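Below is one structure, written out as structure tokens; the observations come after it.
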Protein chains: 2
Amino acid sequence: MSRTKLPRPTDAELAILRVLWDRGASTVREVHETLQDGSGYTTVLKTMQIMTEKELVMRDEAQRAHVYSARVPRENTQRQLVTDLVDRVFGGSPARLALQALSTKKTSPEELAELRQLLDTLEKESES
Amino acid sequence: MSRTKLPRPTDAELAILRVLWDRGASTVREVHETLQDGSGYTTVLKTMQIMTEKELVMRDEAQRAHVYSARVPRENTQRQLVTDLVDRVFGGSPARLALQALSTKKTSPEELAELRQLLDTLEKESES
DNA sequence: CGCGAACTACGAAGACCTTCGTTGACACCT
DNA sequence: AGGTGTCAACGAAGGTCTTCGTAGTTCGCG
């Protein structure tokens with residue numbers, strides 16, 4: 001049992017994970033350049049080292065410039081953060097979060113259609 | 001311009017806010033008792049004092065046991081946290097968050113109906 | 001070889017969060 | 001008046017996160 005009940009990634013960690021999810025395996029330099037915030041190179045490096053310890057990312061040390069890749073899938077992290085938020089501020093109701101999310105900004109017709117489809121599926125399920 | 005760009009409430013703060021939103025104005029003791037986590041009385045007190053400084057809550061000192069009430073509305077905080085999450089992990093697409101939220105857990109038929117209604121409204125809007 | 005550029009590693013500082021012990025004030029009861 | 005319980009205030013400790021300076025390593029090049 002070495003499963004240590006992973007904590008939420010921090011903001012800085014999440015920003016880095018997003019880069020790795022989007023770009024795929026990358027060096028510190030690449031991440032640092034992509035991430036156009038004001039943070040310094042060594043800051044990004046340090047954070048990525050910590051993320052390696054936390055097993056959020058993998059490191060390939062074959063080259064001099066180590067190559068990092070995300071070890072946690074994007075979907076999982078999204079799910080983790082969503083259920084966390086649902087529990088902490090929406091009383092455990094994902095639907096209320098969904099309502100809040102949708103009424104906030106505008107959504108494209110394609111996404112609306114996708115949502116409608118999901119809704120159909122869910123309603124059929126609840127009927128059976 | 002005294003608007004200081006409010007930061008996300010921390011976990012402990014959020015837990016307390018939830019109690020205040022649910023119960024309405026409450027004393028520290030009441031909050032502490034409601035909140036059945038393992039935290040000590042003075043911990044809750046301290047946090048609520050800090051929240052007063054941050055203007056997250058209001059304090060009525062008329063009685064010996066001060067009475068606190070939420071100063072930020074629940075809706076605002078929910079919106080804040082949702083848009084924050086949308087920006088940080090769903091690339092700015094609320095619909096993707098909604099999809100993730102809904103596919104995670106089961107949702108009651110009433111909520112599904114509510115969602116469908118909102119979807120109708122949104123689709124009509126995008127048509128015009 | 002010797003220099004500079006690109007890297008990693010390390011450590012420490014500063015900010016914030018959470019936790020709680022202790023102190024002092026106040027109130028009620030006997 | 002003295003004792004007991006309730007309360008706010010304070011301060012300090014310990015943890016985590018973020019930041020970055022500095023030092024050491026490696027590589028390529030003149």
Side-chain angles (χ1 to χ4, degrees), chain A residues 4-20 25-69 72 77 80-81 84 88-89, chain B residues 4-20 23 25-69 72 77 80-81 84-85 88-89:
Chain A
T4 333
K5 180 69 159 314
L6 51 151
R8 270 177 294 174
T10 68
D11 287 356
E13 287 168 351
L14 206 44
I16 289 170
L17 279 176
R18 270 182 30 189
V19 174
L20 294 179
S26 309
T27 64
V28 174
R29 170 144 313 274
E30 289 164 340
V31 171
H32 175 241
E33 276 165 5
T34 302
L35 206 36
Q36 269 302 12
D37 56 352
S39 59
Y41 175 86
T42 52
T43 301
V44 176
L45 168 64
K46 177 68 159 187
T47 304
M48 291 175 78
Q49 285 170 344
I50 292 173
M51 290 171 78
T52 307
E53 287 167 15
K54 292 188 185 173
E55 307 198 325
L56 288 173
V57 297
M58 265 189 70
R59 176 167 56 185
D60 176 2
E61 312 185 355
Q63 307 302 324
R64 187 158 98 87
H66 299 175
V67 175
Y68 291 78
S69 47
V72 293
T77 303
Q80 176 193 5
L81 292 173
D84 185 81
R88 284 188 305 118
V89 312
Chain B
T4 334
K5 181 71 160 313
L6 49 151
R8 271 178 294 177
T10 67
D11 287 357
E13 287 169 352
L14 206 44
I16 290 170
L17 279 176
R18 271 186 25 193
V19 173
L20 294 179
R23 297 188 80 258
S26 309
T27 65
V28 174
R29 172 145 311 277
E30 288 165 340
V31 171
H32 175 243
E33 277 166 4
T34 303
L35 206 35
Q36 270 301 13
D37 56 352
S39 60
Y41 174 86
T42 52
T43 301
V44 176
L45 169 64
K46 178 68 159 187
T47 304
M48 291 176 79
Q49 285 171 345
I50 292 172
M51 291 171 78
T52 307
E53 286 166 16
K54 293 188 185 172
E55 306 198 326
L56 288 173
V57 298
M58 265 189 69
R59 175 166 57 183
D60 176 3
E61 311 185 354
Q63 307 300 323
R64 188 158 99 86
H66 299 174
V67 176
Y68 291 79
S69 46
V72 293
T77 303
Q80 176 194 3
L81 293 173
D84 185 81
L85 190 62
R88 284 188 305 118
V89 312

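Each chain gets a letter, A, B and so on, in the order its sequence line appears, and its residues count up from 1. Computed from a prediction, not measured in an experiment: that's the story for all the values here. These numbers come from the heavy atoms of this one structure, side chains and all, not from hydrogens, waters or symmetry mates.
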Fill in the blank from the handout: Closest heavy-atom pair, L20(A) versus Y68(A), reported as atoms and distance to 0.1 Å, is CD2-O, 3.7 Å
Please give, in whole Å, the distance from [N] [atom2] to [X] [atom1]?
X: D11(A); N: dC16(C); atom1: CG; atom2: P; answer: 14 Å
X: E53(A); N: dC17(D); atom1: CD; atom2: P; answer: 11 Å
X: Q49(B); N: dC7(D); atom1: CD; atom2: C1'; answer: 11 Å
X: Q63(B); N: dA27(C); atom1: CD; atom2: P; answer: 11 Å
X: L14(A); N: dT18(D); atom1: CG; atom2: C1'; answer: 15 Å
X: D60(B); N: dA8(D); atom1: CG; atom2: C1'; answer: 15 Å
X: L45(A); N: dG24(D); atom1: CG; atom2: C1'; answer: 14 Å
X: M51(A); N: dC17(D); atom1: CE; atom2: C1'; answer: 13 Å

Fill in the blank from the handout: Once base and sugar-phosphate atoms are separated, protein heavy atoms under 4.0 Å mark nucleotides 19-25 of chain C, 5' to 3', with B, S and - as BBBB--B
Practice task
Starting at CG of L56(A), measure out to OG1 of T77(A) and round the result to the nearest 0.5 Å.
Solution key: 7.5 Å
Practice task
To the nearest 0.5 angstrom, please state how far the NE2 atom of H66(B) sits from the CD atom of Q49(B).
Solution key: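 CD of Q49(B) is found 9.0 Å from NE2 of H66(B).
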Practice task
With salt bridge (Lys or Arg N to Asp or Glu O under 4.0 Å) as the test, would you mind laying out the steps for E13(A) and R8(A) before giving the verdict?
Solution key: CA-CA 9 Å; E13(A) 287 168 351; R8(A) 270 177 294 174; over 6 Å; no
Handout entry: N or O in side chain of R59(B) less than 4.0 angstrom from dA9(D) OP1/OP2
Key =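 Result: yes.
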Exercise for the section: Mind checking side-chain hydrogen bond (donor to acceptor under 3.5 Å, both in side chains) for Q36(B) and listing every partner two or more places apart, or none if nothing turns up? Expected result: none
Practice task
Only pairs at least two apart or in different chains count here, so list each salt bridge (Lys or Arg N to Asp or Glu O under 4.0 Å) that has a residue in residues 29-41 of chain B.
Solution key: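 Only R23(B)-E30(B), R29(B)-E33(B) qualify under salt bridge (Lys or Arg N to Asp or Glu O under 4.0 Å).
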